[in-house]
Number of protein chains: 2
Amino acid sequence: MTLLFQYFSKYNPLSKEAENAITEICSIVKIKKNQELQTFGHTCKTIYYINKGTARIYYYKDGIDITESFAFENNIIARVESLFTGNPSRKAIQILEDSEIVAINATQLFKLYDTYPEIERLFRKIFEVAYVDTVNRIEGIQFHSAEERYNALISEEPNILKKVPLKHIASYLGITQVSLSRIRAIK
Amino acid sequence: MTLLFQYFSKYNPLSKEAENAITEICSIVKIKKNQELQTFGHTCKTIYYINKGTARIYYYKDGIDITESFAFENNIIARVESLFTGNPSRKAIQILEDSEIVAINATQLFKLYDTYPEIERLFRKIFEVAYVDTVNRIEGIQFHSAEERYNALISEEPNILKKVPLKHIASYLGITQVSLSRIRAIK
DNA sequence: CTAATCCTTTAACATATGATAAATAATTAC
DNA sequence: GTAATTATTTATCATATGTTAAAGGATTAG
């Protein structure tokens, strides 16, 4: 949990009481590669923090497995399209490396917002940054070639090739695996 | 201002005191078509609500004018990539139809968050929904053809063709104007 | 009202990526 | 350790979108 609160303090430092309140609604999950942390069809009521390991959010589009996003050590992962709307999620979370994850009960977390405005502020800021990242990602998708996007991803996340199968990287980039192979072959 | 508080109440109803506090940091701007509501290069410190009219956020990419988003009546528009980071914005807001706009001073708004947690909550929820919309937009960009994206836009916003030049719609969709013309010609 | 400017379409050609299929390579299960 | 499965590459062909250029329409300024 120490790492989690270190991560939080980059956004909004918390009082000891607030930290304790959060600790009570967290649990630690150890989970192996290729397991599903969360499956399709349920309303998402958990926010995860990755202590150790790698995960992805994915869904099926016309029967094809599409990776929406990756999450690595020391980061938050959540299916916001369900968490923030209350709709059942069409997406699942899959573990890509043996992982240790903190699961934060979002239902209880949202209740804590009433007692601890500092906690509401913390998560407001976390998701504001995530929102900005998503806005910037659109620019990358629309105005860079697949090759540029691949190179950008590798330089942002140099170890991704050791952690994630290429097929997931291809769908994340919005191209087929065959195209990605072609791009990689050029060099 | 009535319309603004009606809009707010869909997200989080406010107390009379909170409404009054917000009213004090708002101003009404009447602005003509083709004017710039905000220009490039400054840190964004305003959130806008469109009472009447149409606007777009745009930027230049390799010298080409790109529309990031449109905003229509009864909606919020803000350059979040600057507002939430404090970085100067590479983007500008242009008015596309004669408009009446409520300008909310964000610096003062963020101060109100300390006194009125209900106001912080309101804007948290507004931007959570905007975040979800953006996540969903990525899916549209990556996994639909330009023609499908055009048709989806027209059915979501049937009046857009009367309000917005096609060249802006093309760059919003991530295609050239020539491509958009071709798509429109098919029918 | 006219000229100038800006917006939209059309055409011809170039290119990145998709689709399908088959061959290797790597990983996993027993 | 071997067989079975899964992941990746390579090849060929098809197609959507990009690029450039030019012409026709629409708007705007004076």
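Because the structure is a prediction, the values reported are computed rather than measured. Numbered from 1 within each chain, the chains take letters A, B, ... in sequence-line order.
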Base, sugar-phosphate, or nothing: which does Ser181(B) touch, judged by heavy atoms less than 4.0 Å apart? base

Nearest whole Å is fine: how far is dT10(D) P from Leu166(A) CG? 12 Å

Backbone N/O of Lys33(B) and side chain of Asp98(B): donor-acceptor pair under 3.5 Å: yes

Quick one: sort the Tyr172(A) and Phe70(A) rings into parallel, tilted or perpendicular, breaks at 30° and 60°. tilted

Comparing Ala146(B) and His168(A) on DNA chain D - which has the more 5′ nearest nucleotide: His168(A)

The residue, His144(B) or Lys33(B), whose nearest nucleotide of DNA chain D is more 5′ is His144(B)

Side-chain donor-acceptor contact under 3.5 Å, Tyr116(B) with Arg121(B): no

Minimum-distance nucleotide (side-chain atoms of Lys167(A) versus dT10(C), dA7(D), dC6(C)): dA7(D)

Rounded to whole angstrom units, what separation is found between the OH atom of Tyr150(B) and the C1' atom of dA16(D)? 18 Å

Evaluate the ring planes of Tyr131(A) and Phe127(B), with Trp represented by its six-membered ring, and classify them as parallel (under 30°), tilted (30 to 60°) or perpendicular (over 60°). tilted

Should the pair Tyr58(A) and Tyr60(A) be assigned to parallel (<30°), tilted (30 to 60°) or perpendicular (>60°) ring geometry? perpendicular

Between Ile183(B) (CD1) and dA16(D) (P), how many Å, whole number? 10 Å

Using only heavy-atom distances, determine whether the side chains of Arg182(A) and Ser179(A) contain a donor-acceptor pair under 3.5 Å. yes

Can Tyr49(B) and Asn74(B) be counted as having a side-chain donor-acceptor contact under 3.5 angstrom? yes

Interatomic distance where CZ belongs to Phe143(A) and C1' belongs to dT19(D) [whole Å]: 16 Å

Given 3.5 Å as the limit, does a donor-acceptor pair link the side chain of Ser89(B) with the main chain of Lys91(B), or not? yes

Residues Tyr113(A), Phe110(A); criterion ring-ring contact (aromatic ring centres under 6.0 Å, His included); working and verdict: CA-CA 5 Å; Tyr113(A) 285 2; Phe110(A) 296 160; 5.4 Å; yes

From the set dT8(D), dC6(C), dT9(C), return the single nucleotide nearest to any side-chain atom of Gln177(B). dT9(C)

Using atom CD of Glu148(B) as one end and atom P of dA16(D) as the other, report the distance to the nearest whole Å. 11 Å

Axis-to-axis angle for the helix from dC1(C)-dG30(D) to dC30(C)-dG1(D), ends of five pairs each, to 10°, equals 60°

Any donor-acceptor pair under 3.5 Å linking the side chain of Glu118(A) with the backbone of Ser15(A)? yes

As a test of reading the structure: which of dT8(D), dT9(D), dC7(C) is closest to the side chain of Pro165(A), going by heavy atoms? dT8(D)

Integer-rounded Å distance: dG18(D) P and Leu180(B) CG: 10 Å

dG18(D), OP1 or OP2 - any side-chain N/O from Ser179(B) closer than 4.0 Å? yes

Nearest of dA7(D), dT17(C), dG18(C) to any side-chain atom of Ser145(A)? dT17(C)

Tabulated below should be each protein N or O lying under 3.5 Å from an N or O of nucleotides 11-15 of chain D; please produce it.
none

To the nearest angstrom, the CZ-P distance between Arg149(B) and dA16(D) comes to 13 Å

Whole angstrom value for the distance that separates C1' of dT17(D) from CD1 of Ile141(B): 16 Å

